[in-house]
Asks: 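There's a structure below that I have some questions on.
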Protein chains: 2
Amino acid sequence: MSIDTSILREIFNDTPFTREESILIAGKFEKIKLKKGDTLLHADEVVYNQYYVSDGCLRTYFMDNSGKEHTLQFAIKDWWISDYTAFFTATKAVMTIECIQEATVYKVSRTSMESLYEGTPSLETFFRKKMEKAFSAFQKRILFSLSLTARERYTSFISTYPNIEQSVKNYHIASYLGITTESLSRIRKEITQ
Amino acid sequence: MSIDTSILREIFNDTPFTREESILIAGKFEKIKLKKGDTLLHADEVVYNQYYVSDGCLRTYFMDNSGKEHTLQFAIKDWWISDYTAFFTATKAVMTIECIQEATVYKVSRTSMESLYEGTPSLETFFRKKMEKAFSAFQKRILFSLSLTARERYTSFISTYPNIEQSVKNYHIASYLGITTESLSRIRKEITQ
DNA sequence: ATCCTTTCTTACCCTACATCAATTTTTCTC
DNA sequence: GAGAAAAATTGATGTAGGGTAAGAAAGGAT
C-alpha cells in the first residue's frame, strides 16, 4: 500500500492538505495497473474499495438473468469507479468492473475513507461534492431514459462524452443506452445519411 | 425563518448536535405547509432550497418538449426533495415539484447548508450519507430501466414503495416507470387475473 | 500476407408498448 | 346525493426497437 503524495494533487485537484494529512492519505491508497480485459471487481464479491482512474478506460456492467450485459458507467481519467451501492454498505457487488483500455487506477477502501474523513473535513467535502456531481449525472440519465428516443440518447451520449466514444466498442455504447447493438447500428446508419 | 429545535431530532435522526449547533441549524430552516396541487418549485426558477418532507407526498417531474410529464421522484415522510442538479449549482430548475397530498416540509437553502457544514462536520457527514443512499437508489433505478420490462418495473415499484403507491395516481406511477397510463392499466389487469 | 476472431451491418419478421378514441369508474363539489 | 370533472379502463391499430440469422469489415496473431 501507499502512493507518492505528489499524486494526491492529481486525485484531489486543488483540495489543500497539510503535509501530515497528505502522508496519511497517501498511505491509504494503492496503485494498480490493468490490462485490457482485466476484471477489477467481480459481481458477488464483497466490495471494500473504490478506484480513482488516472489513465485508461473501464466500465461497470450488470449482467441480468438472461445473460445480457447492461453498462451502468464508463470511467476515464479523473473519474471514480466502484459498485457504489455495494461499496457504501460493504455488501456484495451486483456489477462487474472491466478494464476496456489499459489503465492505471488508485485503490482506496471504505474504512480508510471513513477514518480519513474524521481528521480531514476537507476530504469529506471533496467527496460530498463528487457525490453531488455523480448524483446529478445519474438524475440526468434517468430523465433522458424516460423522455428521449434511442436515437436522441445516442446523439446526446456522443456529444456529452466524445472522449469516451473513442475508447469503447459500439456494443458497449448500446448496452449503456439500453438498446441492442443492431439497433445502434441502424441508428448510426440513419445519422450518417 | 427558524423552526423549533425539537424538530431537528426528526429531521436528522440520531445525529448528535450541541445546544449551540442545534440553535444555529434550526435558525436556517423554515416550515412550509402545502395543499394538494400546490407547486413548491417551478421549472425555470433558480433553485436555492431543498426540502425535508415531514408529512404528505410530493413529486418531482420533468416536462419534455412534447408536453409529456416524467416523474423523477416521489417523496414522502423523511425524504428530501429538490431539483438537485439545479440546487447544487444554483442554476435554473428543469423540473417542477408538486404537492400531491397535503404536506408539511422544512426548507433550507444551499448557502445555509454550506455555512452550517463549516462549523458542524457531523452535519456534512449526515448529508454525505443521505447522498450516498440517494445515489444508490438512482443507480438501481437505472439498472432496472435497462434490464426490466415495464411489468417487472411496476411490481418492483409496488413492493419497494408500498406506502407511496397509496398516495399517488396511477398516471403518476406510469410516468415514473416510463410507460403510458394505458399500458399500466393493462399491466395491472394482467396481474390481477 | 493469411487465417481467425471479434465487431459491425443488413434483412426479415416479431413484440412490447404507444397512440387514438371511446367508455366506464372514481372522486370531487356544491 | 346529483352532476361534473378527473382518472382508469378497454379496444383497435401503429411503431420503435428486439430477435434471429447471415454476411461484411476490421483487428489480431502467426
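Numbers restart at 1 for each chain; the letters A, B, ... are given by sequence-line order, proteins then strands.
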Asks: Starting at atom CD1 of I173(A), determine the distance to atom P of dT7(C), rounded to an integer number of angstrom.
Replies: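 It is 13 Å, rounded to the nearest whole Å.
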Asks: For R188(B), report the nucleic acid contact type (base, sugar-phosphate, nothing); a contact means any heavy atom under 4.0 Å.
Replies: sugar-phosphate
Asks: Between Y171(A) (OH) and dG18(D) (P), how many Å, whole number?
Replies: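 After rounding, the reported distance stands at 18 Å.
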Asks: Are any of the side-chain heavy atoms of I25(B) and I11(B) separated by less than 4.5 Å?
Replies: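 No; the side chains remain at least 4.5 Å from each other.
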Asks: Base, sugar-phosphate, or nothing for T180(A), non-hydrogen atoms under 4.0 angstrom?
Replies: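 The residue T180(A) makes sugar-phosphate contact but no base contact.
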Asks: Could you tell me if the side chain of C57(A) sits less than 4.5 Å from the side chain of V168(A), heavy atoms only?
Replies: yes
Asks: Phosphate oxygens OP1/OP2 of dG18(D): is one of them under 4.0 Å from a side-chain N or O of S183(A)?
Replies: yes
Asks: In whole angstrom, give the distance that lies between atom CG of L148(B) and atom P of dC17(C).
Replies: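 Those two atoms, CG and P, are 11 Å apart.
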Asks: Write down the distance between CD (E69(B)) and P (dA7(D)), rounded to a whole number of angstrom.
Replies: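 In whole Å, dA7(D) P lies 11 Å from E69(B) CD.
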Asks: Do the side chain of R186(A) and the base of dG19(D) come within less than 3.5 angstrom through a donor-acceptor pair of N or O atoms?
Replies: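 In this structure, the two groups form a donor-acceptor pair.
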Asks: Closest to the K169(A) side chain: dT7(C), dC17(C), dG19(D)?
Replies: dT7(C)
Asks: Could you give the NZ-to-C1' distance, from K189(A) to dT9(C), as a whole number of Å?
Replies: 8 Å
Asks: Just checking, any donor-acceptor pair under 3.5 angstrom between side chains of T125(B) and E124(A)?
Replies: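 A donor-acceptor contact under 3.5 Å links the two side chains.
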Asks: Which nucleotide wins on minimum distance to the side chain of K36(B), given the candidates dC28(C), dC17(C), dT10(C)?
Replies: dC28(C)
Asks: From the options dG17(D), dT20(D), dC20(C), select the nucleotide whose nearest atom is closest to the side chain of E182(B).
Replies: dC20(C)
Asks: If you count every heavy atom of other residues, nucleotides or ligands that lies below 6.0 Å from F12(B) atom CZ, does the total exceed 12?
Replies: yes
Asks: Just the rounded figure in Å: distance from C1' of dA7(D) to CG of N170(B).
Replies: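 That distance rounds to 8 Å.
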Asks: Nearest-Å distance, CG (L184(B)) to C1' (dC17(C))?
Replies: 12 Å
Asks: Could you tell me the separation between the CD atom of Q166(B) and the P atom of dT27(C), rounded to a whole number of Å?
Replies: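 Result: 14 Å.
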Asks: Both conditions, 6.0 Å and 45 degrees, for the charged tip of R141(B) above the ring of Y176(B): are they met here?
Replies: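 Verdict for Y176(B): a cation-pi partner in R141(B).
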Asks: May I ask you to verify whether the side chain of R151(A) and the base of dG17(D) hold a donor-acceptor pair under 3.5 Å?
Replies: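 Flag unset: no donor-acceptor pair detected.
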